[in-house]
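Have a look at the structure below before the remarks.
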Protein chains: 2
Amino acid sequence: MRTLLTLQSQLCPDLLSIMHKRYTVLRRIYYLQPVGRRSLTSSLQMTERILRSEVDFLREQGLVNIAQAGMTLTEQGLEVLQKLQPFIEEYLGYSQLSGELKERLNIQEVWIVPGDSEHDEWAKKELARAGAQLIKSWVREDQVVAVAGGSTMQAVAESMSPTPTFKRTTFVPARGGVGDAVEHEANYIASRMAKNSGGRYRMLHVPDQISEEAYQLLTQETQISDVLHMIQEASVLVYSIGDAKTMAGRRKYGREFMQLLEEKQAVGESFGYYFDRNGTIVHRTKTAGLRLRDLPKVGRKIAVAGGASKAEAIAAICSVFPQDTLVTDEAAARKILSQNHPL
Amino acid sequence: MRTLLTLQSQLCPDLLSIMHKRYTVLRRIYYLQPVGRRSLTSSLQMTERILRSEVDFLREQGLVNIAQAGMTLTEQGLEVLQKLQPFIEEYLGYSQLSGELKERLNIQEVWIVPGDSEHDEWAKKELARAGAQLIKSWVREDQVVAVAGGSTMQAVAESMSPTPTFKRTTFVPARGGVGDAVEHEANYIASRMAKNSGGRYRMLHVPDQISEEAYQLLTQETQISDVLHMIQEASVLVYSIGDAKTMAGRRKYGREFMQLLEEKQAVGESFGYYFDRNGTIVHRTKTAGLRLRDLPKVGRKIAVAGGASKAEAIAAICSVFPQDTLVTDEAAARKILSQNHPL
DNA sequence: CTCCAAGGGACTTATTATGTCCCTGTAATA
DNA sequence: TATTACAGGGACATAATAAGTCCCTTGGAG
C-alpha cells in the first residue's frame, strides 16, 4: 500500500491532494450531518463554490446524499470514509508530523519522507530525492549552491536531475578538507551534483591539518580565495547532519579527538562543526570554507538528515542555527517529537 | 492494495486515469528511448500539446531526462515504471478484459468490476454500484426504466442514490409474475429502485399460472394495460442473467419444469426467457410484460451479471440479444474469454 | 552542405474552475 | 399564522488553465 501511495506521490502528487481534500469533505459531512453548504464552507475554510463543486462530485459518485435538510453520507460514502482512513492517515501523517516539527524546532518548513533512512535503502533514496527536488525548486539562474559532505549528501547528489536552470548554477563545497573517504567529501559531492544536474562546479582543495602559515598562503591563492568568496555568498546551502557516534566509529580520527568529542558530549556534526545537544559548538575542523558567522548571509539553508539515531543531532542543530528547511524521515521525526521538549 | 485502488476509483476516478496516462507515457519512452516528441505523439496517439504537458511534468518530477537527442528515463523513472507495473496491470487489466469481451460478445460497452461477485460480497456490491451508476448516467427526464428481477437486480436497486433526474423517472417491472421470492421479484425491485433513487414506479401484478381467459381479461384492465404500454416503450432496460443450474435448485418449480430445462440444455434465464448455450429460447414464463420482439424498441439495454458460474449464460445471451452494455465482474469475464470461441 | 528530427517558444482559442449574487422552499419558532 | 434562518439550486461574469497550432533554432547524420 505504502508503495502505491509513494509511487502516486511521484507520478501524480496533486491528485493525492485532491483525494485528501475530498476525504476531508466526506469526513466533515459525516461529523456534522445533516449539514448545509454554508456551515460546511466555514467549517472547512473553503470558498463556497469550491465546496459546492466537490459536493456535486461526491453526490455524482453516490457518496453523499443531498436533500433539503442538508447533506448526509450514503452507506457507500461511509464505507469509503472508513476504509480510506488508514491510507489518508499514512499519506497525511507526515503533514501532521511536519507541522509539529516546525513548531518544536522553530523552522519554516519540514519535509518528511516515509520510513527510516538508516535501515531502509528506499527511504534513504526518498530522502535524497526530496532534498534534490527542494534544491531544484529553490535555485535560480546564476546562483551558487554550497554543499557539504557525508553519505546523505552523496545520495542527494546522485538524485539530482538536469534542469535548464542548473546550467547556470555553480556548485561549491561548503568546506575544503581532504582526507575523508573521497565519496563523502564535499568536493566530490559538489562535482557529482554538477555532473548529474548539468551545472558547473568549483573545487576547494585545502588540506585539513596544515600549519597556520601554509594556510594563510593558500588562502591568498586566487583559485582558492575565489572559491572562498563564492562560498560566502552562496544562495543556497545544502548540508547534512552527522551523528557523533558514527563519527567516533571512523578509524582515521585519532583517539585524542574521539575523547574530546566524548568529553564535550558532542552529538552531531555539520560542515565541519561539532556541537553538543544544546547546539553549542564544541569543535571546528581546521579547514577553509563556510564559517558560522557567514550563515545568516546564506539565502536558503537546507538540512537533509534522517534516521532515528540522528534525531538528537537534528534537534540540537535546528535549535541553534537559523533553519529554513529540514528534510528528514519519519523515524527521525517521530524520535525528535518523542523526546522531551528542550524548553 | 486493491482496496486503495478501489477506493480511489470511487473518490477520484480521474486520478487513476491520469496516473495511467502518465504511466503509458513513461513506458513508451522507456521502450523507444531516446525518442523525440513527434514520434511519441504518433506512437501514443496523443496530440502533441498534451504529450508535451505530460512530458514537462515528468521532467519536473525528475522521472524523465530531456535532452537534445530526445527523451530518456531517469533512474527514478525506471524505478517508478517497474514498481507501478503490477498496480497498473491490476487497474487496467479490466480495460483490456473489457476490450476483449466487447469483441468476443460483439457488444458496445463492457464494464468490469474486480473480484467474483458469487463469492465476494464486496465484489457484488461493486457490481451493483456500477450498474446503478450506469443507469444514472443514461436516464433522462421523463423516461421509463424497465427492470427485471433477481438477486443481482436487488443489489442494484439498493445501490441507487437520488438524483434530480430520477424524480421524473418511472420504474416498471419488465415482467409481471408473482410467486417468486418477493425480494427477487421485478415488482419489488422496481419499487425499491424508485424509493432509493427518488423516482416513481408502477406495479404489474399478473399471476404466473392463470388461464388464458383470465389473462386476456386482466390485460384489458386499464391499470395493467397502461403499465404494459409503458414497459414496451421503456427507454432503458436493466436486467440480470440467471444461471439455469441455480434456477433448477429452487424448490418451488416442479420436477417437470426442471426436466424440461435440462432436456433443452438451458443455461440461463433473463426476464422470463430461458435459453440454451446458443441463445435459443427454450422456454418462456407465462406472464405479461416485455416480449422479445419489443427488445429492439428499447433505447438502452443494460445487463448486469457476474460470477464465474454465469459465464456461459452471459455469453449465450449476448450472442443473441442485441446488447448495449454488459456490467460484469472479473471472474465471469475471464471465464467467458477462456471458453472456446463460439464461432 | 543539406536535411531531418530534436526541443522549445509564442500565441490563440476552448474549456474548466471559481467567485458572486440571488432565488425558492421548508421547518422551526415566536 | 407570520417570520426567520437555513437548506439547495440556478445563473452568470471572470479568472485560470488546458489545448491546438505554428514556427524557430540547433545538432547530428548522410
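Below, each value reflects all heavy atoms present in this structure, side chains not excepted, and no hydrogens, waters or symmetry copies. Per chain, numbering begins at 1; letters A, B, ... match sequence-line order.
Across the protein-nucleic acid pair, Leu51(A) atom CG and dG19(C) atom P stand 11 Å apart, rounded to whole Å. The CG atom of Asn65(B) sits 16 Å away from the P atom of dA6(C) (whole-angstrom rounding). Rounded to whole angstrom, the span from the CZ atom of Arg49(A) across to the P atom of dT16(C) amounts to 14 Å. Between the C1' atom of dT16(C) and the CD1 atom of Ile18(B) lies a distance of 13 Å, rounded to the nearest Å. For Asp14(B) and dT15(C), the CG to P distance is 18 Å, given to the nearest whole Å. The distance from atom CE of Met46(B) to atom P of dA18(D) is 15 Å, rounded to the nearest whole Å.
Side chain to side chain, Lys136(A) and Ser197(A) fail the donor-acceptor criterion of an N or O pair below 3.5 Å. Side-chain contact check for Arg49(B) and Ser53(B): at least one donor-acceptor pair (N or O, by modelled atom type) lies under 3.5 Å.
Atom OH of Tyr30(B) has 12 or fewer heavy atoms from other residues, nucleotides or ligands within 6.0 Å. Counting heavy-atom neighbours within 6.0 Å of Lys124(B) NZ, excluding the residue itself, gives a total above 12. Counted within 6.0 Å of CD on Glu48(A), heavy atoms from surrounding residues, nucleotides or ligands total more than 12; the atom is thus considered enclosed.
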Enumerate the protein-to-nucleotides 6-10 of chain D contacts in which both atoms are nitrogen or oxygen and the separation is below 3.5 Å.
from: dA7(D); atom 1: OP1; to: Gly36(A); atom 2: N; distance (Å): 3.3
from: dA7(D); atom 1: OP1; to: Ser39(A); atom 2: OG; distance (Å): 3.0
from: dG8(D); atom 1: OP1; to: Val35(A); atom 2: O; distance (Å): 3.3
from: dG8(D); atom 1: OP2; to: Arg37(A); atom 2: N; distance (Å): 2.5
from: dG8(D); atom 1: O6; to: Arg38(A); atom 2: NH2; distance (Å): 3.2
from: dG9(D); atom 1: N7; to: Arg37(A); atom 2: NH2; distance (Å): 2.2
from: dG9(D); atom 1: O6; to: Arg38(A); atom 2: NH2; distance (Å): 3.1
from: dG10(D); atom 1: N7; to: Arg52(A); atom 2: NH2; distance (Å): 2.4
from: dG10(D); atom 1: O6; to: Arg52(A); atom 2: NH1; distance (Å): 2.8

Could you list the donor-acceptor pairs under 3.5 angstrom formed between side-chain atoms of residues 16-23 of chain A and any protein atom two or more places apart in sequence or on another chain?
from: Ser17(A); atom 1: OG; to: Asp14(A); atom 2: O; distance (Å): 2.6
from: Lys21(A); atom 1: NZ; to: Glu54(A); atom 2: OE2; distance (Å): 3.4
from: Arg22(A); atom 1: NE; to: Glu54(A); atom 2: OE1; distance (Å): 2.9
from: Arg22(A); atom 1: NH1; to: Leu11(B); atom 2: O; distance (Å): 2.9
from: Tyr23(A); atom 1: OH; to: Arg27(A); atom 2: NH1; distance (Å): 2.9

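Between Thr47(B) and dG20(D) there is a side-chain N or O to OP1 or OP2 distance below 4.0 Å.
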